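Notes to accompany the following structure.
What you see below is based on every heavy atom in this structure, not just the backbone, and it leaves out hydrogens, waters and symmetry mates. Just so we're clear, the structure is a prediction, and the values are computed from it rather than from any experiment.
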Amino acid sequence: GGSGNGSSSEEDTVEWDRTKACILLNLYHCILLHSFLIVGLPNSLSKWSSFFRMCAYEAFGDIFSLAELEHNIIRAGKRFIGVVEEVVRC
């Protein structure tokens, strides 16, 4: 609800950013744990990067790999990282 001062839209944007951060962090952790259970842990350092590129879920009409989530979303930028850090503190 807005108070008429225009802050409602900004508050909605921040709340949506928090929601997206929670969804994407949960998706990342689900893929990671599910992959460990199904594929197992990579047995050498050289296999970790392919593990993160190979393990993926289809969600929201797109395919998300661990690598994509980590590099393009979780590490995306200071604004998003701030939201992620705030969500983690909650």
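- When every heavy atom of Ser65 is checked against every heavy atom of Arg53, the shortest pair comes out as CB-O, 3.6 Å.
- Scored by the side chain to side chain donor-acceptor pair (under 3.5 Å) test, Glu68 finds no partners at all (sequence neighbours excluded).
- For the side chain to side chain contact (heavy atoms under 4.5 Å, CB included) test, no residue two or more places apart in sequence or in another chain qualifies with Leu37.
- Heavy atoms only, all atoms of each residue included: Ala56 and Ile31 are closest at N-CG2, 4.1 Å.
- Each side chain to side chain donor-acceptor pair (under 3.5 Å) pair with one or both residues in residues 38-48, not counting sequence neighbours, appears once here: Asn43-Lys47, Ser44-Ser46.
- In this structure, the separation between CD1 on Ile38 and CG on Leu33 is 11.5 Å, given to the nearest 0.5 Å.
- In terms of the side chain to side chain contact (heavy atoms under 4.5 Å, CB included) criterion, residue partners of Leu32 (sequence neighbours excluded) are, by chain and number, Tyr28, Phe36, Phe51, Phe52, Leu66.
- Put simply, OH on Tyr57 and NE2 on His34 are 4.5 Å apart, with the number rounded to the nearest 0.5 Å.
- Heavy-atom neighbours of Leu45 CG from other residues, nucleotides or ligands within 6.0 Å: at or below the threshold of 12.
- With values rounded to the nearest 0.5 angstrom, Cys55 atom SG is found 11.5 Å from Leu69 atom CG.
- For His29, the ring-ring contact (aromatic ring centres under 6.0 Å, His included) test picks out no residue, with sequence neighbours left out.
- Atom CD1 in Ile23 sits 12.0 Å away from atom SG in Cys30 (nearest 0.5 Å).
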